[in-house]
Amino acid sequence: MSWIVWDPFLGIEVVLGTRVKSADVRRKTLLTAMGETISYKFLIIATGARALKLEEFGVKGSDSENVCYLRDLADANRIVDVMHSSAGGNAVVIGGGYIGMECAASLVISKINVTMVFPEDHCMARLFTPKIAAYYEEYYMAKGVKFIKGTVLSSFDIDSNGKVTAVLLRDGTRLPADMVVVGIGIRPNTSLFEGQLTLEKGGIKVNGKMQSSNSSVYAVGDVAAFPVKLFSETRRLEHVDSARKSARHAVSAIMEPEKTGDFDYLPFFYSRVFTLSWQFYGDNVGEAIHFGDFGGSKFGAFWVSKGQLVGSFLEGGTKEEYEAIAKATRLKPVIEDTAELETLGLEFALAVSQTPVQAPPQPTEVRGPSLILEKPLYVWHATAGVIVAASVAAFALWYGRKRRRW
């Protein structure tokens, strides 16, 4: 059954309970499963992605009543129901990424024994360095979570009622299970448009206006592969922040094309579990420079590639500190001395973010003994008792004298 909601003031019609069966981008039409044809002037594809299922890796059992995935509201409600029926029992989490880590935290809080299983050497392998991962794994273990790394799920023991009772791993380990949560990745929903639009990075390729190879069709969110201006690369990002901002940009490009430039997005990821809270900006390529107190609650890392800062990670920061690492990452300051960057740590990002310098007509450089910021970026300064010099020359002189005290 389909439901239609109409807002006469905004001119928005929402059709629920209706699946699009096929699309014809040349004719600018959509065909629903009910046989209705919908014509459009502009189409925004926001089909997102689906969770990868175990069957795609040769493992049966996804239809078991206590095997859960997490992709939509129905999945979330199902996990909650299974958690309630498994209180005090054992949960096996398959996958060590976002879904695995965040679900494991929720399960432990709900007094369920948790074992995480994944093939990588450490959790969040696509983002975390081994040192960062070790901190979170130790924190989770202190909460009672067990980790089994370097192996994968092989099969399930399933009882006569269709419930999984144990998880069998490839290395021969058998884990008793009252519930299983699977988080092994996603796949963009592009099937309606394959053969009609250009695909890249597993998604629909778009330009800086979020416009596909067909000028009337736009794509946003997980399904869109868009140019990241900061790194001059096309990427497909899987995060709510990217989904929201790319959607706004696509609408702006359609409604006000003359006023809308190219999407200039800084890749951003974050997570909040237990009392932990981290944010990451940019790219995790090149050399990782760790800083802060890994035995405490505030630490992070910078990534330096080709002599420039390209990525920043911070755990336990304030709003201002998170904003500072984001701004520093976008500016991509040149780094000559990584040892000094490690020593300065967060103070470097705070300094970079606080001192704007007017861009000169031609790019120039302000050089200190070891760290360089290319204008029109931001010249960085000491963090305590900072006085911005009235001129570039005065600043450089002050910087050279003060540097040895930091």
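Not one N or O on the side chain of Thr260 forms a donor-acceptor pair closer than 3.5 Å with the backbone of Pro257. A donor-acceptor contact shorter than 3.5 Å links the side chain of Gln196 to the backbone of Val25. In this structure, Glu342 contributes its side chain and Ala339 its backbone to no donor-acceptor pair below 3.5 Å.
A 6.0 Å sphere centred on CG of Asp121 holds no more than 12 heavy atoms belonging to other residues, nucleotides or ligands. Around the NZ atom of Lys131, the shell of radius 6.0 Å holds more than 12 heavy atoms that belong to other residues, nucleotides or ligands. The 12-atom threshold is not exceeded at NZ of Lys205, counting heavy atoms of other residues, nucleotides or ligands nearer than 6.0 Å.
Stacking of Lys53 on the aromatic ring of Tyr69 is recorded, both the 6.0 Å distance cut-off and the 45° axial limit being met. Lys143 forms a cation-pi arrangement with Phe274, by the criterion of a distance under 6.0 Å to the ring centre and an angle within 45° of the ring axis.
Shown here for Ser86 and Ile112, the closest heavy-atom pair between the two residues is O-CG1, 3.8 Å.
Partners of Glu320 under the salt bridge (charged side-chain N to carboxylate O under 4.0 Å, His left out) rule, at least two apart in sequence or in another chain, do not exist in this structure. Legend: residues meeting salt bridge (charged side-chain N to carboxylate O under 4.0 Å, His left out) with Glu56, ordered by chain and number and at least two apart, are Arg50, Arg187. Applying the salt bridge (charged side-chain N to carboxylate O under 4.0 Å, His left out) test to Arg71 and every residue at least two apart in sequence or in another chain returns Asp222.
Each ring pair (Phe, Tyr, Trp, His ring centres under 6.0 Å) pair with one or both residues in residues 101-131, not counting sequence neighbours, appears once here: Phe128-Tyr136, Phe128-Trp278, Phe128-Phe313.
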Does the side chain to side chain donor-acceptor pair (under 3.5 Å) test come out yes or no for Thr29 and Ser39, once each step is laid out? CA-CA 4 Å; Thr29 59; Ser39 299; over 6 Å; no
Could you tabulate the donor-acceptor pairs under 3.5 Å formed by side-chain atoms of residues 280-291, not counting sequence neighbours?
{"from": "Tyr281", "atom 1": "OH", "to": "Gln279", "atom 2": "OE1", "distance (Å)": "2.6"}
{"from": "Asp283", "atom 1": "OD1", "to": "Arg235", "atom 2": "NH1", "distance (Å)": "3.4"}
{"from": "Asp283", "atom 1": "OD2", "to": "Arg235", "atom 2": "NH1", "distance (Å)": "3.4"}
{"from": "Asp283", "atom 1": "OD2", "to": "Arg235", "atom 2": "NH2", "distance (Å)": "2.6"}
{"from": "Asn284", "atom 1": "ND2", "to": "Arg126", "atom 2": "O", "distance (Å)": "2.9"}
{"from": "Asn284", "atom 1": "ND2", "to": "Leu127", "atom 2": "O", "distance (Å)": "3.2"}
{"from": "His290", "atom 1": "NE2", "to": "Thr129", "atom 2": "OG1", "distance (Å)": "2.8"}

Distance-only donor-acceptor hits, side chain of residues 147-158, under 3.5 Å, sequence neighbours excluded:
{"from": "Lys149", "atom 1": "NZ", "to": "Glu137", "atom 2": "OE1", "distance (Å)": "2.8"}
{"from": "Thr151", "atom 1": "OG1", "to": "Asp171", "atom 2": "N", "distance (Å)": "3.3"}
{"from": "Asp157", "atom 1": "OD2", "to": "Arg174", "atom 2": "NE", "distance (Å)": "3.1"}
{"from": "Asp157", "atom 1": "OD2", "to": "Arg174", "atom 2": "NH2", "distance (Å)": "3.2"}

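Contact check on Asp262 versus Lys209 returns a salt bridge, with a Lys/Arg side-chain nitrogen under 4.0 Å from an Asp/Glu carboxylate oxygen. Salt-bridge formation is detected for the pair Arg236/Glu238: a Lys NZ or Arg NE/NH1/NH2 atom is positioned less than 4.0 Å from an Asp or Glu carboxylate oxygen.
Atom CG of Leu175 is separated from atom OG1 of Thr165 by 11.5 Å, given to the nearest 0.5 angstrom.
Within the 6.0 Å centre-distance limit, the rings of Tyr270 and His239 are counted as a close aromatic pair.
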